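In what follows, a structure is listed as structure tokens, so that the remarks can point back to it.
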8 protein chains.
Amino acid sequence: GTAWGAQLMNNPANPPVGIIMGSQSDWPTMKLAAEILDTLEIPYEARIVSAHRTPDRLWDYGKSAVARGLQVIIAGAGGAAHLPGMMASKTRVPVIGVPIQTRTLSGVDSLYSIVQMPKGFPVATMAIGAAGGANAGLMAAAILALQDPALAKRLDDWRTALSASIPEEPVDD
Amino acid sequence: GTAWGAQLMNNPANPPVGIIMGSQSDWPTMKLAAEILDTLEIPYEARIVSAHRTPDRLWDYGKSAVARGLQVIIAGAGGAAHLPGMMASKTRVPVIGVPIQTRTLSGVDSLYSIVQMPKGFPVATMAIGAAGGANAGLMAAAILALQDPALAKRLDDWRTALSASIPEEPVDD
Amino acid sequence: GTAWGAQLMNNPANPPVGIIMGSQSDWPTMKLAAEILDTLEIPYEARIVSAHRTPDRLWDYGKSAVARGLQVIIAGAGGAAHLPGMMASKTRVPVIGVPIQTRTLSGVDSLYSIVQMPKGFPVATMAIGAAGGANAGLMAAAILALQDPALAKRLDDWRTALSASIPEEPVDD
Amino acid sequence: GTAWGAQLMNNPANPPVGIIMGSQSDWPTMKLAAEILDTLEIPYEARIVSAHRTPDRLWDYGKSAVARGLQVIIAGAGGAAHLPGMMASKTRVPVIGVPIQTRTLSGVDSLYSIVQMPKGFPVATMAIGAAGGANAGLMAAAILALQDPALAKRLDDWRTALSASIPEEPVDD
Amino acid sequence: GTAWGAQLMNNPANPPVGIIMGSQSDWPTMKLAAEILDTLEIPYEARIVSAHRTPDRLWDYGKSAVARGLQVIIAGAGGAAHLPGMMASKTRVPVIGVPIQTRTLSGVDSLYSIVQMPKGFPVATMAIGAAGGANAGLMAAAILALQDPALAKRLDDWRTALSASIPEEPVDD
Amino acid sequence: GTAWGAQLMNNPANPPVGIIMGSQSDWPTMKLAAEILDTLEIPYEARIVSAHRTPDRLWDYGKSAVARGLQVIIAGAGGAAHLPGMMASKTRVPVIGVPIQTRTLSGVDSLYSIVQMPKGFPVATMAIGAAGGANAGLMAAAILALQDPALAKRLDDWRTALSASIPEEPVDD
Amino acid sequence: GTAWGAQLMNNPANPPVGIIMGSQSDWPTMKLAAEILDTLEIPYEARIVSAHRTPDRLWDYGKSAVARGLQVIIAGAGGAAHLPGMMASKTRVPVIGVPIQTRTLSGVDSLYSIVQMPKGFPVATMAIGAAGGANAGLMAAAILALQDPALAKRLDDWRTALSASIPEEPVDD
Amino acid sequence: GTAWGAQLMNNPANPPVGIIMGSQSDWPTMKLAAEILDTLEIPYEARIVSAHRTPDRLWDYGKSAVARGLQVIIAGAGGAAHLPGMMASKTRVPVIGVPIQTRTLSGVDSLYSIVQMPKGFPVATMAIGAAGGANAGLMAAAILALQDPALAKRLDDWRTALSASIPEEPVDD
């Protein structure tokens, strides 16, 4: 379903949304954000930017974000998850944080590392794991929709369709 | 410092930001968001909207949000904190959630009730307590700055001033 | 065993018990409440009412609960679980809450979102997961038994049978 | 305000509500339930019944509950809080549990000891501490109101008054 | 290895150790205590005594413990685990508590329900799960060894053998 | 009340009970164990034995425990609380552990460090803080009472008096 | 006592130890590290380096650490505490992390943000709060002592004196 | 890949690094430290030293550490994990602690038992589980590199290679 859209929407020259993540292993969660953006026809780029392994990449990404036209950055990381907060310190572009579920602490470590930011550098934190990945895409859409009536319409329709899809009664498997 | 600004910025007819909270007791935290908005010259309104005690008020606020021109809603609540998530279900306007610190569980209950939203209805969750209150104002500013170069400049300046205020060395009291 | 009973007891015109849940995925837990009600011959209806995806359905369900003759509402939800508490804000009919076990936080998020209600709107919270599902049915029965001596007898018998079923000594598999 | 009511409502011969608690030190929390019952004109008795220090008292209370005409038992306890669950094992009268806030674990120990009951013996668990105390009184009222239209009216009025008391806007102290 | 011993040691007329548990499902953990007792040649009985489902059995067991000659009671339970603490309230015979691991909260609920006893009624709490099961047997042995030099010798030998069994270096599988 | 008893019972030549603790700051909690022993006329010694600061003292204490006639060791420690478990590794004399409440983690660190012992070396863990201190004394008494009918009588009386001291009804302050 | 030492040891040209912290408010904790270094006659510098407010300062500090001759960096931070881990990503000089106690989460957020580092970038994490502050100084000393026999002697003496200072018995206040 | 290196580096006569662990079952985690040391050509020895089962082995290892030329000790343990802290009390050689992931509490028990050391005896605590195992090897390397320019070069190269290995974009599986 989304494969074609993903090819279309991903990697344009100046996308409004950047999806960044600490490692390849975060992609199954972050891809859920990408799929929402595909569905809502919002161009984006997806990059691996590790706060610890590629700090200079983080620096460059943050410093050039405004100039490159990024309007929202979605950042996912797990454990001692410093990427979202460090990105928020490098740019005023809104940063949405996705706490990746972890093996030992289930993502409570990721959540605390992302949400407990000091005054000055907010990170818009989403739920741990898959729900958070998808919701990061929707939050980005809601922010962009403020300037884009057509996108606002698509987002409204998506929300209406979600509500309409809920059956009245549960069924046995 | 902010008293004058607060009078000026609060309660305009069609403010871009709505600050809502579950009860009067949340105001000391939510006021920190208002003070940031004052400082950055962003008009707002502050309202008590209790998810449980005034659910119809919540309904009306959410349903009219787009029509009234609200661009960001900042919602604070404590304990079983349903206000931010329920507001997110009623409007596509981005909702920023502030978990109020609580007496028994220190706000972990507030945090989980706000951040763990299911797919479809993101809440941009801030830190528990005071830091979260102030950061909600800054996140609102960052979102609005995407459409307002003058505000972007003020926000950049605020951030620069914050960084410049940090001394090189700690001092004894 | 319960299949026949379920057909008989479920979906009468004016059942005393309403079982509601946030999504189809909650049914395996909530069905345990239905099975208890079947066993005790208490009519009920089972409905999907999502606080976030179908807020108006929640509104209507809550507002009409007294008029429709509902005497107990059993509400299950997971994560940022707002359904039980929001239902408690819309009707004075007693609401029993069932925290669904979650993948990331094992249902502690569900528990805190349901149990930590502010003064004014109690939710009778059950254990996380399967035990809570079954116990919600038993708590509904205990409440209804206050007005129904025959049901009180059936409930007493069920409890006596449970106690009688416990062997004196453990056995190896 | 409630002193007069308390004298009137407390200690009738056959009250519908029994408020029991593990020790005198739980009274400041449990009294909040009593005050709600006073306000709603529901007779009750308040007793100290310690699961560990007076187990026989617990036994007798539970075994005679139905015969004495008790319709709801509100039980508060802290730490390894066994009173609500043990009472639920001794009588089919609905038991509402109030987790008392504790010095070392803030009442999480009380909460887990009360809410995590196995299949067969539900305890209708309230929030930790003061909110849970008051809400226990309201849940008792909601259960009794199912059989008492006049009480249902008083409860509805109490809820309406609560909602009406919420101001539109927060104010500085 | 222990099958023969188990037959020999279990179910004598007046054993010094009683192993009790809330349900058959606790046996895999509690059996580890029995196996230690078998190894150390300490007679015991194993019984299912559910605090909630068979409270009268609990009562009788506790009240007759001293008269029957029980010197140590090992009690295992999970979730809202009331068996060890309630047994401690019914007899002065030392009670060793084993928190059973649970599906939702990993046994933290069991641990808090067992260990956080109020002044007056100590429960000698062991580790959650398997380690706690085996250690309950060893703690019982240590208590009995105070009066039984031959058992003290066997326990010392068991401890010495355990230490001697530890290799100097780890090996790959 | 206990001052005289403390002088009498403390520091005999060969006491059956040793109370050890990691530092002077643990004494307010551990003294509650001493007061129970005084009340029940059980001789004891109280010593500071720090696992980390005086490891050789720990070694000597553990190695000589049996020879010195110690029958129960009560060990209190906070934070990374290694004293009870290390003592259990050095002697087969039963060790009762008291988790001291801590400033940062409320004693959850102490509790986990004490209770989660591996197979082989049980520590009879008490509640965190004051309740655990007093209960350690009672558990020691229960163990010693197995060999001392007069002490068993005093312990029974103490328990009876505790139960008898509980008033029937709560009173306002 | 330490005031004179602090003047002597702090702020030499090329100190082997750098103490950095996120804000002035961390100094009461981090000063405890400085006092240990003073006592052990180890020169150091103390600097405020905020990961979020002064990220470029962090960059420069990390990049020049080896060249400036720093041998150990002690980094303290609270909440979403990114300073220690980000410093570890910028330099191979060993980084010791001190989790500052926080108002809302007691420093569990700081601890998780510091200790849960991914493979590649270890942070030597100390206890939360005051104990961690002092221990960071001691760990730095232990590392430097590997190359400095005189310091090794001073550290051994400090440890010996600590052990010698522990009294044999607790005393009442 | 590492098998040959392991044979070369492990078990020299006087290695600078000692890897110790509480039991064979910790080896899969601790082996990750060994593999890092192999890669960086740092000789080491790997030993099983159980704090509880072989306390005298712990004593001897600690007391002889300086004389044997050990410069870093890496200690892994799980549950009530006393090995790292007890080793730190026996020697001034820096101790790096690795909290082993546990079945019941996911290693939070191990973490608290290792990191929450009192003033005087720091343990350089790593992340729970696999990341912590590998990072312990890297922290040991960073400490040794302070005296060994060739090792510093190898560590710098390892870090550079790690950074260089990170792809720019995530890929689907």
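Below, read A as the first sequence line, B as the second, and so on, with proteins coming before strands; counting in each chain starts at 1. Here the structure is a predicted model, which means the values were calculated and not measured.
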- [ ] For chain E, find which of F/P99, F/A131, F/A124 contributes the most heavy-atom pairs closer than 4.5 angstrom.
- [x] F/A124
TODO: Write down the atom of E/I20, the atom of E/M30, and the distance for their closest heavy-atom approach.
DONE: O-CE, 4.1 Å
Open item on the list: Less than 4.5 Å to any heavy atom of chain F: does that hold for the side chain of E/I114, its backbone, both, or neither?
Closed with: neither
Task: Residue F/I143 versus chain E: region with a heavy atom under 4.5 Å - done: both
TODO: Look only at the side chain of F/R57 and the backbone of F/I48, and say whether a donor-acceptor pair between them is shorter than 3.5 Å.
DONE: yes
Open item on the list: Whether the E/T104 and E/T102 side chains hold a donor-acceptor pair (N or O, under 3.5 Å, no angle test) is what I'd like checked.
Closed with: no
Open item on the list: Given 3.5 Å as the limit, does a donor-acceptor pair link the side chain of E/N135 with the main chain of E/L138, or not?
Closed with: no
Open item on the list: Can you tell me which portion of F/L144 sits under 4.5 Å from chain E's heavy atoms? Options are side chain, backbone, both or neither.
Closed with: neither
Task: Among E/A130, E/G132, E/A134, E/G120, residue most engaged with chain F (heavy-atom pairs, under 4.5 Å) - done: E/G120
- [ ] Please round to the nearest 0.5 Å and tell me the distance separating atom NZ of F/K119 and atom CG of E/L32.
- [x] 7.0 Å
TODO: Apply salt bridge (Lys or Arg N to Asp or Glu O under 4.0 Å) to F/K63 and list each qualifying residue two or more places apart in sequence or on a separate chain.
DONE: none
Task: Reported CG-to-CD distance for the pair F/N14 and F/Q71, which is rounded to 0.5 angstrom - done: 11.0 Å
Open item on the list: Given heavy-atom pairs under 4.5 angstrom as the criterion, report whether the side chain, backbone, both or neither of F/V115 touches chain E.
Closed with: both
Task: Interchain contact, F/A152 with chain E, by part (heavy-atom threshold 4.5 Å) - done: both
- [ ] Measure distances from E/V95 to the heavy atoms of chain F and classify the residue's part below 4.5 Å as side chain, backbone, both or neither.
- [x] backbone
Task: Contact leader toward chain F among E/A142, E/A145, E/G133, E/S163, where contacts are heavy-atom pairs under 4.5 Å - done: E/A142
TODO: Identify which part of E/I128 has an atom lying under 4.5 Å from any heavy atom of chain F, answering side chain, backbone, both or neither.
DONE: both
- [ ] Give, as side chain, backbone, both or neither, the part of F/F121 having an atom under 4.5 angstrom from any heavy atom of chain E.
- [x] both
- [ ] Quick one: do F/Y44 and F/D38 satisfy side-chain contact (heavy atoms from CB on, under 4.5 Å)? Show the steps, please.
- [x] CA-CA 9 Å; F/Y44 61 90; F/D38 283 328; 3.1 Å; yes
- [ ] With a 4.5 Å cut-off on heavy-atom pairs, point out which of F/Q116, F/R159, F/M117, F/Q147 contacts chain E the most.
- [x] F/R159
Task: Check: F/S106 side chain, F/V108 main-chain N or O, donor-acceptor pair, under 3.5 Å - done: no
Task: Side chain / backbone / both / neither for F/R92 at chain E, heavy atoms under 4.5 Å - done: both
